[in-house]
Asks: 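Please find one structure pasted underneath; my questions will follow.
We name chains A, B, ... by the order of the sequence lines, and we start the count at 1 in each one. For the numbers below, each heavy atom of this structure counts, side chains included, while hydrogens, waters and symmetry mates do not.
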2 protein chains.
Amino acid sequence: MNGLSIFSSISAESRARMYDCFGMTRKKFKKGQTVLTYCNSFKSVCVMITGSATLSCIDEDGNNSFLEKIYPNDVFGELFCLPLAKLEYVLCADEDCEVLFIDYNHIITPCSNTCEHHSRLINNLFLISARKLQSLTLRINILTQKNIRKKLLAYLEFRRNLSPDSRDFTLDMSLTDLADYLSVDRASMMREIKALKEEQIIWSEGRKFRFINNDFYI
Amino acid sequence: MNGLSIFSSISAESRARMYDCFGMTRKKFKKGQTVLTYCNSFKSVCVMITGSATLSCIDEDGNNSFLEKIYPNDVFGELFCLPLAKLEYVLCADEDCEVLFIDYNHIITPCSNTCEHHSRLINNLFLISARKLQSLTLRINILTQKNIRKKLLAYLEFRRNLSPDSRDFTLDMSLTDLADYLSVDRASMMREIKALKEEQIIWSEGRKFRFINNDFYI
DNA sequence: CATTTTCTGTGATAATTGCAACAAAAGAGA
DNA sequence: TCTCTTTTGTTGCAATTATCACAGAAAATG
C-alpha cells in the first residue's frame with residue numbers, strides 16, 4: 001500500500017491516453033509557492049507527483065495550525081477537506097514540486113468511451129484514500145491523548161515500530177515540526193523530552209531516539 | 001455526497017448477485033455489543049447498514065479516548081486505521097445495528113468474471129472514503145485549535161453553517177460527547193461555555209445554541 | 001566560506017486546563 | 001409511576017501547559 005500510485009498497474013501507453021480521457025493537467029510549483037487555497041470551490045482531485053507540500057490553516061489572530069504534509073502519490077484537494085469558515089487554508093510547497101490535477105466530474109461519472117483503465121484508476125484512488133485515512137486516524141489517535149507525554153510516547157512508539165530491527169530511530173522531521181504535529185508548544189514538548197530522558201524512559205539526541213527499558217527486545 | 005451508499009446507482013437485482021461476487025456477509029449486533037476489535041488483522045472492509053457504533057481506544061491506565069462515530073453508510077475497518085501498539089481498540093454498538101463485511105481481496109483485485117458493477121461499487125467506496133476524510137480532516141482541524149474556546153467556536157460555527165437559515169441550532173450529541181469529540185475535560189468545556197455566554201458571544205441552553213452578535217445576518 | 005536563518009535546548013512565570021466532588025434536571029426502563 | 005442512570009451545570013484547587021526570552025548549534029544560502 002505504500003508503493004501505491006494512482007497509475008499502479010497501468011501501462012505507460014495507457015497513461016498517456018488517460019490524460020485526455022480524465023481531463024488531467026500537470027503543474028509545477030517552486031519552493032515556497034502556494035499550490036492551492038481551500039476557498040475556491042474548484043473541484044478537482046489533486047495528486048502530488050514529486051516534491052512535498054504542507055497544508056496549514058491560519059485564523060483571524062494569525063495563529064497557524066498544521067494540518068497535513070503531502071508527499072508524492074498522496075491525494076489532496078477540497079474533496080477531502082471541509083474548510084471551516086473564517087479560517088484560511090494554504091497548501092504551500094516545501095520544496096519544488098509537481099502536481100497532477102484530475103477533473104472531479106471525470107472521476108465520479110463513468111467514462112463515456114468506457115475506458116478500460118478507468119476502474120483501475122478509481123481502485124487506486126480508493127486505496128490511496130484508505131492510506132490517507134490511516135494516517136489521519138493515527139494523528140487523531142495521537143491528538144486525543146491526554147497530555148504531552150502520552151502524545152509523544154504514542155508517536156515515538158509508532159515510529160519505532162516502523163523500523164523494528166534497529167534500536168535507534170531518527171525522525172524525518174524537525175522537533176519543531178513534531179511539536180506542530182502533536183499540536184503542542186515546542187518548549188513544553190522539549191521539557192517533556194527532557195523529563196523522559198531523566199526518568200530513563202528514552203534516550204535522545206536531536207532527532208535520534210531510543211527506548212531504554214524496552215520489553216520489546218526480549 | 002451525504003446520501004451516498006456503497007450501492008448507489010446499483011439496482012436491487014445486481015446487489016443480490018454482488019453478494020456472492022464480493023464475498024459479502026451481513027451480521028447483526030445488539031446495543032452494547034462489540035462489533036470489532038482492531039487487533040485481529042482480519043482484513044475486510046466494513047459498512048454500517050443500520051444503527052451506529054463508536055470506535056474508542058483504551059490505554060494501559062484505562063483511559064478511554066473517543067476516535068469516531070460510525071453511522072449508516074460509513075465505512076470502517078482496519079484498512080482505514082493503523083492501530084497504535086499497547087492500545088486496545090473497540091468498536092461498540094451504540095444501538096442495535098447491522099454491518100456488511102466485504103472481503104478485502106475481492107475489492108483490490110479485479111473481478112475475475114468482470115462484474116459490471118464492480119467499478120461502480122469501488123467508485124462509491126472511493127467517494128465514501130472521501131466523505132470520511134472530510135470528517136477526519138475537520139476533526140483534526142478542530143483538535144489543533146490552541147485552546148478550548150477556539151475548539152468550541154470552531155465546532156459550533158461549523159454546526160451553525162450546516163443549517164444557515166435558522167438562528168438556533170441543536171447538537172445531535174450530548175455535551176458530554178461533545179467534550180469527548182473536542183478531547184477536552186467536560187467541566188472545563190462547561191466553564192468555557194459559561195464564559196462565552198457571559199461575554200455575550202453565544203446563547204445556549206443544553207444542546208441548543210445561538211451566536212449572538214453575528215455579522216452573518218446582515 | 002561567511003552570513004543568515006532555522007533548529008535545539010533551557011528556565012521562569014503566567015495562563016489554561018484537568019480533576020474531584022456535588023446537586024439538580026432530564027431521560028430511560030421496569 | 002417510581003427508580004435508576006445519565007446529563008447538565010457549577011466550584012476550588014492542583015497539575016499541566018503555553019508564553020516569553022535567550023543562547024549556542026546546525027543547516028541553508030549565496
Asks: Return no unless some side-chain N or O of A:Lys146 is found under 4.0 Å from OP1 or OP2 of C:dC19.
Replies: no
Asks: Starting at CG of B:Asp185 and ending at P of C:dC19, how long is that distance when rounded to a whole Å?
Replies: 6 Å
Asks: Classify the nucleic acid contact of B:Ser188 as base, sugar-phosphate or nothing, counting any heavy atom under 4.0 Å across all strands shown.
Replies: base
Asks: Measure NZ/A:Lys197 against C1'/C:dT8 and give the value in whole Å, please.
Replies: 10 Å
Asks: Can you tell me how far P of C:dT16 sits from CG of B:Leu196, to the nearest Å?
Replies: 13 Å
Asks: Using heavy-atom distances to pick each residue's nearest nucleotide on DNA chain D, tell me which of A:Arg186 and A:Lys31 is more 5'.
Replies: A:Arg186
Asks: Using OP1 and OP2 only, check whether a side-chain N or O of A:Thr176 sits under 4.0 Å from C:dT6.
Replies: no
Asks: I need the minimum non-hydrogen distance between A:Tyr181 and A:Leu143, along with the two atoms involved.
Replies: O-CD2, 3.7 Å
Asks: Side chains of A:Met189 and A:Leu152: closer than 4.5 Å at any heavy-atom pair?
Replies: yes
Asks: Choose from D:dT19, C:dG9, D:dG12 the nucleotide whose nearest atom is closest to any side-chain atom of B:Arg191.
Replies: D:dG12
Asks: For A:Lys150, is there an ion pair with B:Asp59 - N to carboxylate O distance below 4.0 angstrom?
Replies: yes
Asks: Please check if atom NZ in B:Lys146 has more than 12 non-hydrogen atoms from other residues, nucleotides or ligands closer than 6.0 Å.
Replies: yes
Asks: Quick one: B:Glu205 CD to D:dG9 P, roughly how many Å, whole number?
Replies: 8 Å
Asks: Do the non-hydrogen side-chain atoms of B:Ile107 and B:Asp103 ever get within less than 4.5 Å of each other?
Replies: no
Asks: Base, sugar-phosphate, or nothing: which does A:Ile193 touch, judged by heavy atoms less than 4.0 Å apart?
Replies: nothing
Asks: What integer distance in Å separates A:Leu175:CG from D:dA27:C1'?
Replies: 14 Å
Asks: Choose from D:dT8, D:dA18, C:dT17 the nucleotide whose nearest atom is closest to any side-chain atom of B:Ser174.
Replies: D:dT8
Asks: Without decimals, in angstroms, what is the distance between B:Glu192 CD and D:dT8 C1'?
Replies: 17 Å
Asks: Could you tell me the separation between the CD1 atom of B:Ile202 and the C1' atom of D:dG9, rounded to a whole number of Å?
Replies: 14 Å
Asks: Over how many whole Å does the gap from A:Tyr181 atom OH to C:dC7 atom C1' extend?
Replies: 21 Å
Asks: Map B:Met173 and B:Ala187 onto DNA chain D by nearest heavy atom, then report which one ends up closer to the 5' terminus.
Replies: B:Met173
Asks: Have a look at A:Arg207 and say if it touches a base, only the backbone sugar-phosphate, or nothing, with a 4.0 Å heavy-atom cut-off.
Replies: sugar-phosphate
Asks: Of the nucleotides D:dT19, C:dT17, D:dT8, which one has an atom closest to the side chain of B:Met190?
Replies: D:dT8
